[in-house]
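All values derive from a computational prediction rather than experimental measurement. Residues take their numbers from the sequence shown, with the count starting at 1.
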Amino acid sequence: MTPAHFAFSSAFMLGLAGLAFHRTHLLSALLCLEGMMLSLFIAMALWTLQLDATAFSPSPMLLLAFSACEASAGLALLVATARTHGTDRLQSLNLLQC
């Protein structure tokens with residue numbers, strides 16, 4: 001395993017571990033998701049550069065566009081949650097109650 005592969009693999013695993021084990025605030029969960037998406041972007045960009053595959057060259061940019069849409073939707077949910085509940089703690093949210 002090259003150092004680059006180890007770097008983005010460990011970044012993805014750290015983001016996944018943070019999302020799984022440290023779910024106290026909505027903002028920290030969103031940051032873990034964003035870190036995972038950025039490590040996937042780097043992995044796909046390195047993959048297309050190593051294989052010289054021109055057919056897959058738009059894939060990292062498409063992933064980055066979806067990541068930006070996910071981040072904006074997450075921040076909108078964060079603002080809406082903070083306005084209605086007064087906090088972004090995930091334990092105070094009840095999904096069955098409007």
Side-chain angles (χ1 to χ4, degrees):
M1 179 181 286
T2 63
H5 288 120
F6 178 72
F8 70 75
S9 297
S10 61
F12 184 81
M13 293 306 271
L14 281 174
L16 187 64
L19 186 63
F21 298 124
H22 189 66
R23 292 182 291 169
T24 56
H25 294 283
L26 183 59
L27 184 61
S28 65
L30 290 174
L31 284 174
C32 289
L33 281 174
E34 193 65 30
M36 289 170 60
M37 290 298 286
L38 286 176
S39 68
L40 283 177
F41 169 73
I42 293 170
M44 286 183 73
L46 286 176
W47 180 60
T48 56
L49 285 176
Q50 285 177 350
L51 294 180
D52 289 332
T54 57
F56 295 116
S57 60
S59 320
M61 296 309 273
L62 186 66
L63 182 72
L64 195 62
F66 283 132
S67 176
C69 293
E70 174 258 334
S72 65
L75 286 177
L77 285 173
L78 177 70
V79 168
T81 302
R83 284 184 181 172
T84 57
H85 291 82
T87 184
D88 70 333
R89 291 186 60 86
L90 291 176
Q91 283 114 7
S92 67
L93 298 178
N94 189 0
L95 296 178
L96 298 176
Q97 180 183 2
C98 291

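Taken to the nearest 0.5 Å, the OG1 atom of Thr2 stands 8.0 Å off from the CG atom of Leu46. Rounded to the nearest 0.5 Å, atoms CG (Leu49) and CE (Met44) are 12.0 Å apart.
Leu90 and Met36 are assigned to two separate hydrophobic clusters, defined by single-linkage of ILVMFWY side chains at heavy-atom distances under 4.5 Å. Side-chain heavy atoms closer than 4.5 Å link hydrophobic residues (I, L, V, M, F, W, Y) into clusters, and following such links, even through other members, never connects Met37 to Leu77. When hydrophobic clusters are built by joining Ile, Leu, Val, Met, Phe, Trp and Tyr residues whose side-chain heavy atoms come closer than 4.5 Å, directly or via intermediates, Leu16 is not grouped with Leu31. Under the 4.5 Å side-chain contact rule for hydrophobic residues, Phe8 and Phe41 share a cluster.
Between His5 and Gln50, the closest side-chain pair of non-hydrogen atoms falls below 4.5 Å. Between Leu40 and Phe12, the closest side-chain pair of non-hydrogen atoms falls below 4.5 Å.
Taking each heavy atom of Ser39 and Ala11 in turn, the nearest pair found is CB-CB, 4.0 Å. The two residues Thr81 and Leu26 have their closest heavy-atom pair at OG1-CD2, 4.2 Å. The two atoms that bring Ala29 and Leu19 nearest to each other are O-CD1, 3.7 Å, heavy atoms only. The shortest heavy-atom contact between Gly18 and Cys32 is C-SG, 3.6 Å.
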Using residues 62-75 as the side-chain source, report each donor-acceptor pair under 3.5 Å to any protein atom, sequence neighbours left out, with the distance given to one decimal.
residue, atom, partner, partner atom, Å
Ser67, OG, Glu34, OE2, 3.1
Ser72, OG, Ala68, O, 3.4
Ser72, OG, Cys69, O, 2.9

